[in-house]
Asker: 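Structure incoming, see below.
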Number of protein chains: 2
Amino acid sequence: MNLSELAAHLNLSVTTVSRVLAGSPEKYRISEATTKRVVEAAQKYHAAPNPLGLGLRKGQTGMIGLLVPDITNPFFAQLAREIERELRKSDKAVLLFDSGEDVKIERKLLRDMISRRLDGFILAPVGVDTEELRFAVKNENLPVVLMDRLISGVDCTSVSLDNFDAGYKAAHYLIQKGHQRIGCLRGDSRTAVDADRYNGVVAAICEAGLNVDESIVAGKGYSLVDGVEASRRILSNVNKPSGVITLNGQGIIALMNVLHDYGVSVPEEISIVAFDDQPWSKFSSPAITTIAQPIGKMARMAVEIIGSREKESKIFKAELIERASVAEVDVEYT
Amino acid sequence: MNLSELAAHLNLSVTTVSRVLAGSPEKYRISEATTKRVVEAAQKYHAAPNPLGLGLRKGQTGMIGLLVPDITNPFFAQLAREIERELRKSDKAVLLFDSGEDVKIERKLLRDMISRRLDGFILAPVGVDTEELRFAVKNENLPVVLMDRLISGVDCTSVSLDNFDAGYKAAHYLIQKGHQRIGCLRGDSRTAVDADRYNGVVAAICEAGLNVDESIVAGKGYSLVDGVEASRRILSNVNKPSGVITLNGQGIIALMNVLHDYGVSVPEEISIVAFDDQPWSKFSSPAITTIAQPIGKMARMAVEIIGSREKESKIFKAELIERASVAEVDVEYT
DNA sequence: TTTGTTTGCACAAACGTTAATCCTAAGTTT
DNA sequence: AAACTTAGGATTAACGTTTGTGCAAACAAA
């Protein structure tokens, strides 16, 4: 039911009803009696202000747009859930857009998002620099937060992971456990996320005085098929790695299956450190040692930035969760 | 940019601009020249009708609400993706609501959804009959489609799976492969989805003249923890099943890990049929034989029903995808 | 009684559209 | 030339809010 319908029903003006329901009856000197009458009738008839009228008047929609490359990817699903949960506290709703890792579709969606006059945007782009992305970001008046795959050169408030540090931590941990031959299952090396993480891995390896063998490094995309293919390439190497780091969430699924396929036991023959904690990681056998992103914290920060229209980017540190997929090996002295 | 701003810029009335951009210039006798002028300027300045004004005028928001129990669950994530993709074709957007399997939150969300005056609702409820759900559904004028966990007694257009048939198919397949001792990993047995599937399983078992051993049937919820616990119960039985059916998507993840933990090999020692095809099911080792829901088709049907305001419910049949997790066993004659 | 001060609410405008109606200048017919 | 048609738009109202202002009644003060 409308405010106007309710007002007619109560023989009051829409103004009065609106003022009561907006929560400031005393400010406008609405009597106790009237206030009570309105509130009770509103409850009874499920009356609430029409968001379109309200939005038109106030210039805001009460919605923020969330763009992800693939909601089917557990990382983005978790992100979406946390963002929705947080936004709900300020009575905002989430408009979901899924580009399917397709840059052309992403462009279209960005245009659509903008034309919908949302109150803010949380964008996890495919990872490619497009005109639409720049346009969306440059829209000075609207709060935009970039997440996950940041675009170098596109200047925008962002919430992200210190990917270099995360990669470094993963490799450093393996090295500390005695591993000297470290393989790496990458995603799309053209995206900054992947490159940064890999650079961190390389840095740790070099720092330890070891060298990087690119024949046990593979990957060309974030899909499961890509992951499986890369895993096979890594494992079919005559000189197998003693530890493998999967640089993205899908990677671990691919790798585990290929490992099982090849009859390689974890962590006895090969140790694994995976990026992105999955719901099942701790139930897996062996439980997976993980570089976990603080998804909840990042989501909350993104929402806070949107709400407060801050302009400062935040970088979070990943956390290494020790579980059972990494074995300690004796260091071979060469 | 607004239509009114654009109109002012072009020294035209808002009406004219609106009519050109709405795509019916000839119907209102707008000259070719003017039409062209408007179209070009609109492109140049990224001008588009404000959806709030438009919505207010037309009485629709161009958005439909999607309510799921858990977007992190791959089934609902896939559903969301397909629904969004389909809705996009008619320029509608998806407002996402995630109840987190919590009935109280679901109630609140339903109220919020209704007050947002959306053009339609696609609801995958937690599975419990609530007043709010009934209210949302009874809202005669708005198109509502129920999916997945239907509520018996709540009369509403729905798109669902023939769950009995699906359960029957799973069990029948195992029996056909010679299995006589069939275990079952259930979800929440109070929900109709789970009960129907289980009844299908029971029917197939009884039809084959075998009997159901409830000591290898377990499950009390849809979460991963529930799944792990139930899997342990089933596998710790002294007399292990020769085949296990997991009645929901999370189940297979739990079961596989527990199996690996117990050192049971699939399909040599135990065969598995899983509900809900997962992206990794075919890459798994062994690849998982699956009872797959036609998620894409179901999503498209839901969107079609919403669009056409049909009232007829549709029931889809699950498809059995034969892969490698079921072994043929010799039938023991008793 | 007149003037001033509250109290309690209604009225009007504006947000941006669109659909129905109306207006004006030009061209066409008689 | 007068009357009629047509082209090409502009005006107006309405969708449902909220906010600034207005205005009557009641009450107090002088």
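The chains referred to below are lettered A, B, ... by the order of the sequence lines, with proteins before strands, and numbering in each begins at 1.
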Asker: Are OP1 or OP2 of dC9(C) and a side-chain N or O of T34(A) less than 4.0 angstrom apart?
Answerer: yes

Asker: If I take atom CG in residue L21(A) and atom P in nucleotide dT17(D), what distance separates them, rounded to the nearest angstrom?
Answerer: 10 Å

Asker: Mind checking what makes salt bridge (charged side-chain N to carboxylate O under 4.0 Å, His left out) contact with R190(B), not counting sequence neighbours?
Answerer: D188(B)

Asker: Sequence neighbours left out, what pairs pass salt bridge (charged side-chain N to carboxylate O under 4.0 Å, His left out) with at least one residue falling in residues 112-122 of chain A?
Answerer: K92(A)-D119(A), D112(A)-R116(A)

Asker: More 5' along DNA chain D: M1(A) or I30(B), using each one's nearest nucleotide?
Answerer: I30(B)

Asker: Could you tell me which residues satisfy ring pair (Phe, Tyr, Trp, His ring centres under 6.0 Å) with Y28(B), sequence neighbours excluded, listed by chain and number?
Answerer: none

Asker: Hey, can you pull the residues of residues 6-14 of chain A with a non-hydrogen atom under 4.0 angstrom from DNA chain C?
Answerer: N11(A), L12(A), S13(A)

Asker: Holding to salt bridge (charged side-chain N to carboxylate O under 4.0 Å, His left out), I want the full list of residues that pass it with K104(B), two or more places apart in sequence or in another chain.
Answerer: none

Asker: What's the CG-P distance between L3(B) and dA10(D), to the nearest Å?
Answerer: 14 Å

Asker: Would you tell me if any nitrogen or oxygen in the side chain of S31(B) comes within less than 4.0 Å of OP1 or OP2 on dG9(D)?
Answerer: yes

Asker: Identify whether any heavy atom of L54(B) sits under 4.0 Å from a base atom; if not, whether one sits that close to sugar-phosphate; answer base, sugar-phosphate or nothing.
Answerer: sugar-phosphate

Asker: Listing request: all ring pair (Phe, Tyr, Trp, His ring centres under 6.0 Å) pairs with a residue in residues 48-69 of chain A, at least two apart in sequence or in separate chains.
Answerer: none

Asker: For residues 109-133 of chain A, pull every pair meeting ring pair (Phe, Tyr, Trp, His ring centres under 6.0 Å), keeping only residues two or more places apart or in separate chains.
Answerer: none

Asker: Regarding A33(A), tell me which of base, sugar-phosphate or nothing describes its non-hydrogen contacts under 4.0 Å with the strands shown.
Answerer: nothing

Asker: Among residues two or more places apart or on two chains, list those pairs meeting ring pair (Phe, Tyr, Trp, His ring centres under 6.0 Å) that have a residue in residues 82-112 of chain B.
Answerer: none

Asker: Can you build the contact string for nucleotides 20-26 of chain D? Use B for base contact, S for sugar-phosphate-only contact, and - for no protein heavy atom under 4.0 Å.
Answerer: B------

Asker: From CZ of R117(B) over to P of dG16(D), roughly how many Å is that when rounded to an integer?
Answerer: 8 Å

Asker: Please list, one pair per line, the donor and acceptor atoms closer than 3.5 Å that link side chains of residues 43-53 of chain B to other protein atoms, with sequence neighbours excluded.
Answerer:
from   : atom 1 : to     : atom 2 : distance (Å)
Y45(B) : OH     : H9(B)  : NE2    : 3.0
N50(B) : OD1    : L52(B) : N      : 2.6
N50(B) : OD1    : G53(B) : N      : 3.4

Asker: Under 3.5 Å between N/O atoms: give me all the protein pairs with nucleotides 13-15 of chain C, atom names plus distance.
Answerer:
from    : atom 1 : to     : atom 2 : distance (Å)
dC15(C) : O2     : R57(A) : N      : 3.4

Asker: Looking at side-chain heavy atoms only, is the closest gap between Y222(A) and N73(A) below 4.5 Å?
Answerer: no

Asker: Roughly how far apart are D70(A) CG and R81(B) CZ, rounded to 0.5 Å?
Answerer: 5.0 Å

Asker: Quick check on dT17(C): is either OP1 or OP2 less than 4.0 Å from any side-chain nitrogen or oxygen of S4(B)?
Answerer: yes

Asker: Got a sec, which residues hit salt bridge (charged side-chain N to carboxylate O under 4.0 Å, His left out) with D129(A), two or more places apart in sequence or on another chain?
Answerer: R134(A)

